[in-house]
Structure formats: C-alpha cells, structure tokens
Amino acid sequence: MSYADKVFIDMCRDILENGTSTEGEKVRPHWPDGEPAYTIKKFGVVNRYDLSKEFPILTLRKTALKSATDEILWIWQKKSNNIHDLHSHIWDEWADEDGSIGKAYGYQLGVKHQYKEGMMDQVDRVIYDLKNNPFSRRIMTNIYVHQDLHQMNLYPCAHSMTFNVTQRKGDDRLTLNAVLNQRSQDVLAANNWNVVQYAVLMHMLAQVCNMKAGELVHVIADAHIYDRHIPIIRELISREPRHAPTFWLNPEVRDFYQFTRNDVRVEGYEAGEQIRDIPIAV
C-alpha cells in the first residue's frame with residue numbers, strides 16, 4: 001500500500017465516522033440543481049508526507065500528474081489569473097468573459113513588494129531566501145489578501161506556504177520542508193490533487209536550490225466530504241491500494257522558470273479505475 005493511500009483512507013474514515021454534519025445549516029455552496037450542498041467535516045486535519053521516501057500520489061484512482069503540475073506552474077511560475085494560460089478547464093466556472101479569475105491565486109504571487117534587497121514578488125523572494133538565507137524562519141507566501149478579496153472570483157483555498165530548511169545528519173545537501181495551509185478542502189475532488197501539486201512544487205524548488213525534498217505537512221482547517229460524494233468515497237476507500245510509483249523530475253532543469261508540465265512523470269504508476277463526472281458544488 002502506498003503511504004498516500006493509507007493517509008487518504010484513514011482521513012476519509014475519520015471524517016465519515018467522527019465528523020460533524022452541516023445538514024440544515026445555512027451553507028454557501030449549492031449543487032447545479034439548486035439544492036444546498038451539505039458536508040460532513042473535520043476541523044484541523046494534519047497530514048504529513050516525507051517526500052524523500054515516497055511520492056504521495058493515490059493509487060486508489062488516478063491523479064493526473066501533468067494536469068496538476070500545469071496548474072501549480074500556472075499559479076507559481078506564470079503567476080497568472082487567466083484561464084487562457086492553462087491547458088485544462090477546471091477554472092472555467094470562475095472566469096469572466098476575458099478569462100480572468102480576478103485578483104486571485106497567481107495574481108497575488110506576481111505582485112512585487114519592497115525588500116531590503118530590492119523589489120521582488122513572493123516566489124522570487126522564496127527562491128532568493130532558500131539560496132541565500134536557507135535557515136531563515138521567514139520564508140513564506142500568502143495569497144489570502146483581504147484588501148483584494150472583493151476582486152477575487154474565488155477566495156483562495158490553499159492560501160499559504162511556510163518553508164523550513166533542515167540539515168539532516170550525514171547528508172551533503174540541505175533538506176527543504178514546507179507547511180501548506182488550506183482553509184477548506186473538498187476531499188474527493190481536491191485532496192490528492194493538491195498534495196501532488198505541492199509535492200511537485202517542493203521537488204522543483206529543492207532541485208533549483210540544490211536541496212533535497214523533505215516533509216510536506218498539509219494542514220486543512222475544514223476537510224469535508226459533500227453529501228453527494230459519500231457513496232463515492234465509501235466505494236473508493238474500499239478498493240485495494242497498490243504500491244507507490246517512482247517520481248521523476250527532469251534533472252537538467254536548474255531554473256524554476258524553465259520547468260514545464262512535461263518535466264515530471266511517475267514510473268510504474270498503476271491506479272484503480274478513474275471516477276468520472278464527480279458532481280461539483282459551487
């Protein structure tokens with residue numbers, strides 16, 4: 001069994017068995033037919049993945065690695081808020097007629113700020129500090145900017161990253177660790193998608209900063225399973241997990257801005273049948 005499968009199964013069982021229901025409460029999300037989208041949820045879920053041991057991709061069903069990578073590069077590398085810069089259509093519902101999702105996600109990472117060292121955006125500041133001040137406890141990003149929320153078509157779900165570098169005994173390179181903070185997560189639709197994305201991001205940043213990828217700690221304030229997803233989740237976690245595949249990142253790329261979705265792959269990836277047409281609450 002892959003470790004990612006174990007974490008996912010344990011989390012889903014905990015939510016279903018010990019979570020609280022929002023049924024009957026005033027909720028914002030609705031189903032396409034207009035019915036309220038209720039959830040069973042757990043507060044403060046924390047999952048840890050050691051990227052030096054295993055790449056955390058589900059085998060219970062396939063996670064589209066290249067599409068997940070494309071989206072994280074859209075946000076972190078292109079710093080875009082326009083769906084025309086994306087190869088998939090997962091953001092179409094939140095885009096205006098010009099393709100913009102407002103001052104959200106990549107837009108915030110591309111805003112330049114004044115530092116002692118000069119003007120930099122948040123991504124360039126992270127890379128600068130990892131290379132020049134790796135043991136700083138201030139290597140962070142945040143895209144939940146209150147003054148711009150009214151101009152965001154969707155408030156950020158995964159909203160902040162905190163990076164922390166350690167020197168493991170006997171290692172010739174430093175280890176890059178990170179905490180991903182998420183205010184809310186649709187477990188069925190987005191959990192492993194987000195985990196895979198930020199695992200890829202950590203591998204990329206570690207490579208360009210001559211480090212090893214270490215722990216990814218995923219903190220979810222509201223981890224929920226929607227009412228119409230419950231039977232799907234029950235079937236999914238009853239499947240037989242498989243062994244984790246091997247992650248490959250193009251070793252020739254040493255500049256973060258040169259990575260593409262084609263520079264990643266998983267070797268030996270066998271996964272269960274894909275779940276199609278998952279109903280999405282909006």
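One-based numbering along the sequence shown. From a predicted model like this one, the values you see are computed outputs, not experimental measurements.
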Participant: Distance-only, no hydrogens or angles: does the Ser21 side chain make a donor-acceptor pair with backbone N or O of Glu23 under 3.5 Å?
Facilitator: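 Here the side-chain-to-backbone pair exists.
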Participant: Return the orientation label for the His203 and Phe55 ring planes: parallel under 30°, perpendicular over 60°, tilted otherwise.
Facilitator: tilted
Participant: Do Arg242 and Glu240 sit within salt-bridge range, that is, some charged N less than 4.0 Å from a carboxylate O?
Facilitator: no
Participant: Any side-chain heavy atom of Phe259 sitting closer than 4.5 Å to one from Thr69?
Facilitator: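 Result no, sub-4.5 Å side-chain heavy-atom pair not found.
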Participant: So, using salt bridge (Lys or Arg N to Asp or Glu O under 4.0 Å) as the criterion, who are the partners of Glu71 when residues are at least two apart?
Facilitator: none
Participant: Can you tell me how the ring of Tyr226 sits relative to the ring of Trp31, calling it parallel under 30°, perpendicular over 60° and tilted otherwise?
Facilitator: perpendicular
Participant: How close do Ala158 and Ile143 get, heavy atom to heavy atom, and via which atoms?
Facilitator: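 Nearest heavy atoms, Ala158 then Ile143: O-CD1, 3.7 Å.
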Participant: How many angstroms lie between OG1 in Thr246 and CD in Glu54, if you round to the nearest 0.5 Å?
Facilitator: 9.5 Å
Participant: Would you say that more than 12 heavy atoms from the other residues, nucleotides or ligands in this model lie under 6.0 Å from the NE2 of His30, or not?
Facilitator: yes
Participant: Any chain of hydrophobic side-chain contacts (each under 4.5 Å) joining Trp76 to Met140?
Facilitator: no
Participant: Take a 6.0 Å sphere around CZ of Phe135 and say whether it holds more than 12 heavy atoms from other residues, nucleotides or ligands.
Facilitator: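 More than 12 within 6.0 Å, yes.
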Participant: Apply side chain to side chain contact (heavy atoms under 4.5 Å, CB included) to the pair Ser184 and His224, showing each step before the final yes or no.
Facilitator: CA-CA 8 Å; Ser184 171; His224 52 264; 3.0 Å; yes
Participant: According to a 4.5 Å side-chain heavy-atom criterion applied to Ile, Leu, Val, Met, Phe, Trp and Tyr, with indirect links allowed, do Met120 and Ile139 form part of one hydrophobic cluster?
Facilitator: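 No; Ile139 is not reachable from Met120 via cluster members.
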Participant: Is atom CG of Asp33 surrounded by more than 12 heavy atoms (other residues, nucleotides or ligands) closer than 6.0 Å?
Facilitator: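 Result for CG/Asp33: enclosed.
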Participant: Judged by atom type as modelled, is there a donor-acceptor pair below 3.5 Å linking the side chain of Asp121 to the main-chain atoms of Val123?
Facilitator: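 The answer is yes, because a donor-acceptor pair under 3.5 Å joins these two groups.
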Participant: For Thr175 and Ala213, which heavy atoms make the closest approach, and how far apart are they?
Facilitator: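 For Thr175 versus Ala213, the nearest heavy atoms are CG2-C, 4.3 Å.
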Participant: Got a donor-acceptor contact below 3.5 angstrom from the Arg183 side chain to the Pro156 backbone?
Facilitator: yes
Participant: Let me confirm one number: the OH-CD1 distance from Tyr269 to Ile57, rounded to the nearest 0.5 Å.
Facilitator: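 Here the rounded value is 3.5 Å.
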Participant: With the side chain counted from C-beta on, respond yes when Asn192 and Val195 share a heavy-atom pair under 4.5 Å apart, and no when they do not.
Facilitator: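 SC-SC contact between Asn192 and Val195 confirmed.
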Participant: Looking at side-chain heavy atoms only, is the closest gap between Ile101 and Ile83 below 4.5 Å?
Facilitator: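 Counting from C-beta outward, Ile101 and Ile83 do come under 4.5 Å.
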Participant: If we only count heavy atoms from C-beta on, is the Lys212 to Asp172 side-chain gap below 4.5 Å?
Facilitator: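 Heavy-atom side-chain distance check passes, below 4.5 Å.
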Participant: Using the side chain to side chain contact (heavy atoms under 4.5 Å, CB included) rule, take Ile15 and Ile233 through it: C-alpha gap first, then chi angles, then the decisive distance, then the call.
Facilitator: CA-CA 11 Å; Ile15 294 171; Ile233 284 284; over 6 Å; no
Participant: More than 12 heavy atoms of other residues, nucleotides or ligands under 6.0 Å from NZ of Lys6: yes or no?
Facilitator: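 Atom NZ in Lys6 is not crowded, with 12 or fewer foreign heavy atoms closer than 6.0 Å.
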Participant: Which value, rounded to the nearest 0.5 Å, describes the distance between Ile278 atom CD1 and Arg276 atom CZ?
Facilitator: 10.0 Å
Participant: For Gly106, does its backbone N or O pair with a side-chain atom of Asn81 as donor and acceptor, under 3.5 Å?
Facilitator: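 Answer holds: no.
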Participant: Show the nearest heavy-atom pair for residues Ala178 and Met161, with the distance to one decimal.
Facilitator: CB-CE, 3.8 Å
Participant: What do the steps show when you test Asp129 against Ser136 for side chain to side chain donor-acceptor pair (under 3.5 Å), and what is the final call?
Facilitator: CA-CA 7 Å; Asp129 278 337; Ser136 171; 5.1 Å; no
Participant: Do Gln274 side-chain atoms and Lys62 backbone N/O form a donor-acceptor pair below 3.5 Å?
Facilitator: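 Yes; at least one donor-acceptor contact below 3.5 Å.
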Participant: If you define the side chain from C-beta out and look only at heavy atoms, does anything of Asp186 sit under 4.5 Å from Cys157?
Facilitator: no
Participant: Are any non-hydrogen side-chain atoms of Arg239 and Arg61 less than 4.5 angstrom apart?
Facilitator: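 Heavy-atom side-chain distance check passes, below 4.5 Å.
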Participant: Nearest heavy-atom pair of Pro56 and Leu51: which atoms, and what distance?
Facilitator: CD-CD2, 3.6 Å
Participant: Check whether any side-chain N or O of Lys42 sits under 3.5 Å from a backbone N or O of Asp14 as a donor-acceptor pair, and report yes or no.
Facilitator: no
Participant: Is the shortest heavy-atom distance from the side chain of Met211 to the side chain of Arg173 under 4.5 Å?
Facilitator: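 Result no, sub-4.5 Å side-chain heavy-atom pair not found.
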Participant: Test of understanding: clusters of I, L, V, M, F, W, Y form through side-chain heavy atoms closer than 4.5 Å, transitively. Do Tyr144 and Leu180 belong to the same one?
Facilitator: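 Not linked; separate clusters.
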Participant: Under 3.5 Å, side chain of Thr59 to main-chain N/O of Pro241, donor-acceptor pair present?
Facilitator: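 Here the side-chain-to-backbone pair does not exist.
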Participant: Dump the intermediate steps for side chain to side chain contact (heavy atoms under 4.5 Å, CB included) on Leu205 and Ile127, then the final yes or no.
Facilitator: CA-CA 7 Å; Leu205 291 174; Ile127 295 171; 3.9 Å; yes
Participant: Tell me, please, whether Tyr115 has Arg125 positioned over its six-membered ring: NZ or CZ under 6.0 Å from the ring centre and within 45 degrees of its axis?
Facilitator: yes
Participant: Measure from the side-chain N and O atoms of Glu215 to the backbone N and O of Arg48, and report whether any donor-acceptor pair falls under 3.5 Å.
Facilitator: no
Participant: Suppose clustering is done on Ile, Leu, Val, Met, Phe, Trp and Tyr with side-chain heavy atoms closer than 4.5 Å. Which residues sit in the same group as Val219?
Facilitator: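 Besides Val219, the cluster holds Val46, Val179, Val217.
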Participant: Just wondering, do Leu86 and Ser80 contact through their side chains at under 4.5 Å, heavy atoms?
Facilitator: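 SC-SC contact between Ser80 and Leu86 ruled out.
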Participant: Same cluster for Trp248 and Tyr49 if Ile/Leu/Val/Met/Phe/Trp/Tyr side chains link at under 4.5 Å?
Facilitator: no
Participant: Might you confirm whether atom CD of Glu270 has over 12 heavy atoms from other residues, nucleotides or ligands at distances under 6.0 Å?
Facilitator: no
Participant: Closer than 3.5 angstrom, by distance alone: can the side chain of Asp96 be matched with the main-chain N or O of Ser100 as a donor-acceptor pair?
Facilitator: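 Such a contact is found between Asp96 side chain and Ser100 backbone.
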Participant: Strictly distance-based, threshold 3.5 Å: is any side-chain N or O of His84 a donor or acceptor partner for the main-chain N or O of Asn82?
Facilitator: no
Participant: Starting at NZ of Lys79, measure out to CD of Gln108 and round the result to the nearest 0.5 Å.
Facilitator: 13.0 Å
Participant: Could you give the distance from CD1 (Ile230) to OH (Tyr38), rounded to the nearest 0.5 Å?
Facilitator: 13.5 Å
Participant: Taking atom CG of Leu154 and atom CG of Leu149, what is their separation to the nearest 0.5 Å?
Facilitator: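 The CG atom of Leu149 is 10.5 Å from CG of Leu154, to the nearest 0.5 Å.
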Participant: What are the two closest non-hydrogen atoms of Trp193 and Ala64, and how far apart are they?
Facilitator: CZ3-O, 3.8 Å
Participant: What's the shortest heavy-atom distance between Gln182 and Asn194, and which atoms?
Facilitator: NE2-OD1, 3.0 Å
Participant: Do Met152 and Tyr107 sit in the same hydrophobic cluster, where Ile, Leu, Val, Met, Phe, Trp and Tyr count as joined when their side-chain heavy atoms come under 4.5 Å apart?
Facilitator: no
Participant: Decide side chain to side chain contact (heavy atoms under 4.5 Å, CB included) for Val200 and Leu73; before the verdict, give the C-alpha distance in whole Å, the side-chain angles of both, and the deciding distance to 0.1 Å.
Facilitator: CA-CA 10 Å; Val200 168; Leu73 290 177; over 6 Å; no
